[in-house]
Each structure stands twice: as structure tokens, then as C-alpha cells.
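Take a look at the structure set out below.
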Amino acid sequence: MIIAVDGPTASGKGTISKALAAHFGLPFMDTGMLYRAVGRQVALNGGDADNAADALAACDFSDSLLDNPVLRDEATGGLASRVSIHPQVRAALNKRQVDFANQPSGAVLDGRDIGTVIAPHADAKLFVTATAEVRAQRRFDEMISRGLDVDYENILADIRARDKRDSERADAPLKPADDAMLLDTSDMDAKEAVQAAIALVEACVDSTL
Ligand code: DC
């Protein structure tokens, strides 16, 4: 079984995808980490994330970078969103994701274009959303709990900018697949969101038996 989970930043899709993978016994890929590695590598190379040639050169990152906690930083997320605009970068990262999706065991992948581009044949597709304000509050709470000195309004502005860039780009924009099930987690805590996601996937898979 292939489960595709897409949605904007801080929607809860990462938590949901990991829980789905554990529940259904499937391997999991967070595809945003690939774009984050490219964004980080551009910075390490002294390149410009908005320059297609610099971004493409950064696709040649070492796999060890994928384990580096710096990839989780907000700054790296912004760089990832910028490099992800370039079609050459998306093409360079495509095979790795398609191969992961199509492995014999099945898989769960989360990202922006899993249901539309990487695995349009997925057995279940979820599009996870929440209002920008709720997502900003979650990000704010998480950063405060890590002892960071952050400003809610700045986080909200960053989230809005990333949503706009990710959904307005020409190549593989963030959008629900026509056959995706929408899950709005604005009024849910993590446990409720996970339970709702499992129920949606189970209902979807049952209906195809
Ligand atoms: O899911 P994330 O926040 O880690 O993703 C970081 C950026 O990477 C996101 O703003 C856009 C890009 N991305 C993408 O374009 N396609 C994906 N499948 C995953 C991430």
C-alpha cells in the first residue's frame, strides 16, 4: 500500500505520516528533508538558492547531511522552499522519491506533490491543512519549548510567504490531488489528528477491496 500525505508547513503532516507508517507497518520518507538538504548545501557552497544552476549543483549533497539537525531549522526550511521552485531540482530529486514509493513493501511519503506527481497511483491520499494562524502558533510553541527566542508575528509572516511560494510555483505546486481526502487539523490535537488520519485511510482502503 502507498499512502501519500501532502500539505503546507506545520499542518501536522509529519506527525500524521510517521504514525500512519507505524500503524500500517510501512517505511516512511519525509521528502521535505531532500529539499532541505539541497537548501542547506546551497548555503554551504556559498551559492544563491534563487539561482537554478547553484540549486542544481547543490543536489549533489552527501547523504550524511540528511541526518544533520540543522535541516530542521526555519532558515533551512526557507531555503528549501526557494530551491524547490526550480524544475531542475525537482527532476534531480524525483527518482529517489519514486523508487521509495514503489518499493515492494509499499510506503508512506509526505511532501507537497506526492499525490499529484511522485505517486499519483497511491492507494490513499491525504491533504492535511490547518489555518496559517494555528500553524504559526504550533511552530511558535514548539520553538519556545526548545528555548528559542521567537516572535509569533514573524513566524506567521514566514509561514504565509512559504505557503504562497509553494502553492504558486509553476512546477508541481502544493495542491490537493483531485482524489485526495482533506483533513483540516485546526481544531485537533496531535492524537486526534492521527486518529482521524488512520480512520480516513482505513475507510479508503476498505472501499477499494
Ligand atoms: O515539508 P518541509 O517543510 O520540510 O518542506 C520544506 C520545503 O521543501 C517546502 O517549503 C517546499 C519543499 N518541498 C517540496 O517542494 N516538495 C516536497 N515534496 C517536499 C518539500
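Counting starts at 1 for both ligands and their atoms, following the listed order.
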Ion pair [X]/[Y], N-O distance below 4.0 Å:
X      : Y      : value
Arg135 : Asp163 : yes
Arg160 : Glu133 : yes
Asp113 : Arg90  : yes
Arg146 : Glu142 : yes

Return the set of residues passing side-chain contact (heavy atoms from CB on, under 4.5 Å) with Asp63 (not counting sequence neighbours), or none when no residue passes.
->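 For Asp63 the side-chain contact (heavy atoms from CB on, under 4.5 Å) partners, ignoring immediate neighbours, are Phe61, Leu66, Arg96.
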
Give the protein residues with at least one non-hydrogen atom closer than 4.0 Å to an atom of ligand 1, ordered by chain and number.
-> Thr9, Lys13, Thr31, Gly32, Tyr35, Arg36, Ala80, Ser81, Ser84, Arg90, Gly111, Arg112, Asp113, Arg162, Asp166, Arg169

When you measure from the side chain of Gln97 to the backbone N and O of Leu93, does any donor-acceptor pair fall under 3.5 Å?
->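 Indeed, once roles are kept as given, a pair shorter than 3.5 Å links the two residues.
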
